[in-house]
Amino acid sequence: LVLCLIPLITVSLVAYSSARNTITNQVLNQLKSISDVQGHRTQIIIENNLEKIATLSSRTQLLTDLANYNNSGDIALQQTMNANLQDALSSLITFEEISVLNTSGEIVASTEGSRIGEFHSGEEFFTRGLTENSADILFLDEEGRLMVYVSGPMYKDGILLGVVKAKATSYDLIFITQDYSGLGDTGETLLARRNQDGDATFIVPLRFDPDAVLKTTISKDLIEVPITQALLKNESVFTDSKDYRGEPVLASTRYIPSADWGLVAKIDVAEAYSPLNNLGNVMIVLLLVTSTLVVAISLYTTRIITRPILSLAQTALEIGEGDLSKRAEVTTKDEVGTLARSFNAMTEHLIESQSSLEQKVKDRTIQLEKEIIEHKRVDN
C-alpha cells in the first residue's frame, strides 16, 4: 500500500501544484487585461471632460464678453454670456450646469441664473481652475448622485479673466466600473482617490457596498490592500492580498496619473480557485478508491500466498504429533506447491521408513524369541 500510494500522492501533488500555477497565471493575466482596459476607459472619460472644458474656456465670444463685463459690469453682457453658456450646454450631454466665475470667485454668468452672485473663492474647483484644467473633483449632490466638477482658466491675450466651471454627471464612470465581464460572481473594478489624510476613498459604488461612494476609506497604513498599492503607483499583480471586505483576492492594480486615482481589478481567491478545488476533490476520491483497491488486492494476494503455507504448517504440526495420515494440500504449481509436494513425499518416505523399522523390530523380536526357546530347551 505504501509503495503504491507514495508515487500516486507525489504525482497528485505535482499535478495539483501545476494546475494551481496554471490557474493563477490565467486569472492574473485576465485581471491585468481588465485593469488595462478599465484604466484606459477611465483615462478617456477624464480626457473627454478636460477637452470639453478646454473648448468652453476658449470660446472667443465668451472670452470677449467676459473681458468687457469685467471692465464695465454691463448686465447685457452678462445675459449674452448666459445665452452663450446655454448654447454650449445643449451640446454637452454629460454637463448639467456651466458657470463662469471672475478672478474673485464670483459667479458672473451661469446656465442656472439663481447661482449668479455666489462666491466660491475657497472651493477646490475654483482654486485649481485658476491655474489648470481639472476633471477629477468628485462630490455627491443633494440627491446623493456622484457628480464631478470640471473647471479651467479663461485667458484672453495672456490675461486671466476668470474660471469656467461645469457640473457633470459620472454615469459613464460608474457604468464602466459596474461592467463585471470576465470577473465572475465576486470580481469588480475599484476606483479610489486620496483624501486629505492620504487614505484611499472609494469614488464609485462597490459591488458589495453600493453606498460606499466617497464614504468608505482604506487606511494608507494597510499597504497589503491592493487599492493602497494602486495609489502608491505600484502597477502590479497580487496573489496574497485582501480587499475592502477582508476577503483574500487575486488583484491587478493601475494608477491613473491625470487624476491621481488608483484602480484595481480583483476577484475572490475562493472563486478563482474553484476549478482547482474540484480537481482536489477528484484527486482525494481517486486516492481513496486506489487505496481501497490496493488493500483489497493486497489482502486477496496475501491470502493466496499464506493460505497454503498456513495449511502446510498445520499439517506439519499434526504429523509432528504422530498423525502420519495427514497430507499437505497441493493447490498451486509455484514454490509453495513444490514445497507441499516435497513435504508429502517426505511424509511418505517417513512412513516407509517407519514400516521398515517396525518390520525389522518384529523380525528381530521373533528371532530373539526363538533363541530364548532354544536356550531353555538346551538347559532342560
Side-chain angles (χ1 to χ4, degrees), residues 42-143 145-173 193 196 203 256-261:
T42 301
Q43 187 65 42
I44 288 176
I45 291 172
I46 296 171
E47 290 176 354
N48 284 342
N49 281 335
L50 290 175
E51 183 179 342
K52 290 174 183 176
I53 205 67
T55 301
L56 275 174
S57 64
S58 62
R59 289 172 76 101
T60 303
Q61 187 61 51
L62 185 61
L63 290 172
T64 301
D65 291 343
L66 178 59
N68 292 332
Y69 179 79
N70 286 342
N71 292 327
S72 65
D74 188 350
I75 299 299
L77 292 172
Q78 192 176 55
Q79 293 175 349
T80 302
M81 285 190 291
N82 289 342
N84 196 322
L85 293 178
Q86 200 69 49
D87 177 66
L89 183 64
S90 63
S91 62
L92 300 172
I93 300 175
T94 59
F95 284 9
E96 292 190 352
E97 175 257 332
I98 305 174
S99 297
V100 172
L101 298 84
N102 61 22
T103 54
S104 298
E106 179 187 3
I107 295 179
V108 296
S110 177
T111 54
E112 295 182 6
S114 61
R115 293 189 175 277
I116 296 176
E118 292 181 359
F119 279 88
H120 297 278
S121 58
E123 296 286 346
E124 183 182 5
F125 68 78
F126 176 74
T127 55
R128 288 182 58 185
L130 289 172
T131 58
E132 63 178 356
N133 291 330
S134 64
D136 55 17
I137 304 172
L138 299 165
F139 67 99
L140 296 175
D141 67 4
E142 297 81 359
E143 300 175 7
R145 298 179 303 161
L146 179 64
M147 307 292 289
V148 58
Y149 281 130
V150 186
S151 63
M154 301 179 69
Y155 284 95
K156 181 174 173 42
D157 299 328
I159 300 174
L160 178 65
L161 301 178
V163 172
V164 60
K165 178 267 294 185
K167 184 174 71 172
T169 63
S170 60
Y171 298 139
D172 44 4
L173 197 63
R193 69 180 184 185
Q196 58 186 5
I203 59 177
I256 312 297
S258 61
D260 190 31
W261 292 348

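Note that the numbering runs from 1 along the sequence shown for the chain. Both backbone and side-chain heavy atoms feed into the values below; hydrogens, waters and symmetry mates do not.
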- prompt: If you count the non-hydrogen atoms of other residues, nucleotides and ligands that lie under 6.0 Å from CD1 in Ile93, is the total more than 12?
  reply: no
- request: Hey, could you give me the OG1/CG distance between Thr42 and Asp136, rounded to the nearest 0.5 Å?
  value: 12.5 Å
- prompt: Any donor and acceptor pair, going by atom type alone, linking the side chain of Thr111 with main-chain N or O of Ile98 inside 3.5 Å?
  reply: yes
Partners meeting salt bridge (Lys or Arg N to Asp or Glu O under 4.0 Å) with Glu47 (sequence neighbours left out): none
- line: Scanning both residues in full, the closest heavy-atom pair of Met81 with Leu62 reads CG-CD1, 3.8 Å
- prompt: Of the non-hydrogen atoms in Val163 and Met154, which two are nearest, and what is the gap between them?
  reply: C-SD, 4.0 Å
- request: State the CD1-OG1 distance between Ile159 and Thr103, to the nearest 0.5 angstrom.
  value: 11.5 Å
statement: Across all chains, not counting sequence neighbours, the salt bridge (Lys or Arg N to Asp or Glu O under 4.0 Å) partners of Glu106 are none
query: Taking all non-hydrogen atoms of both residues, which atom of Leu63 and which atom of Lys156 are closest, and how far apart?
result: O-CD, 3.9 Å
- line: Nearest heavy-atom contact between Asn133 and Ala54 is ND2-CB, 3.9 Å
- line: What one should report as the nearest heavy-atom pair of Val150 and Ala168 is CG2-CB, 4.3 Å
- prompt: Taking only residues at least two apart or on different chains, which pairs with a member in residues 95-123 satisfy ring pair (Phe, Tyr, Trp, His ring centres under 6.0 Å)?
  reply: His120-Phe125
message: Could you walk me through whether Asp65 and Arg59 satisfy the salt bridge (charged side-chain N to carboxylate O under 4.0 Å, His left out) test, starting with their C-alpha distance in whole Å, then the side-chain angles of each, then the deciding distance to 0.1 Å, before giving a yes or no?
response: CA-CA 10 Å; Asp65 291 343; Arg59 289 172 76 101; over 6 Å; no
message: I'd like to check the side-chain hydrogen bond (donor to acceptor under 3.5 Å, both in side chains) partners of Ser151; sequence neighbours left out, ordered by chain and number.
response: Ser134
message: For Glu51, give me all partners under salt bridge (Lys or Arg N to Asp or Glu O under 4.0 Å), at least two apart in sequence or on another chain.
response: none
statement: side chain to side chain donor-acceptor pair (under 3.5 Å) pairs touching residues 72-83, sequence neighbours excluded, are Tyr69-Gln78
query: In Å and rounded to the nearest 0.5 Å, what is the CG to CD distance from Leu92 to Glu97?
result: 12.5 Å
query: In Å and rounded to the nearest 0.5 Å, what is the CD to CD distance from Glu118 to Glu123?
result: 10.0 Å
- prompt: Minimum heavy-atom separation for Ser57 to Pro153, with atom names?
  reply: CB-O, 3.4 Å
message: Using side-chain heavy atoms (C-beta onward) and a distance below 4.5 Å, is Ile53 in contact with Leu56?
response: yes
Test item: Ser170 side-chain N/O and Leu146 main-chain N/O as donor-acceptor pair under 3.5 Å: yes
message: Quick check against the 3.5 Å criterion: does Asn70 have a side-chain atom that pairs as donor or acceptor with the backbone of Gly73?
response: no
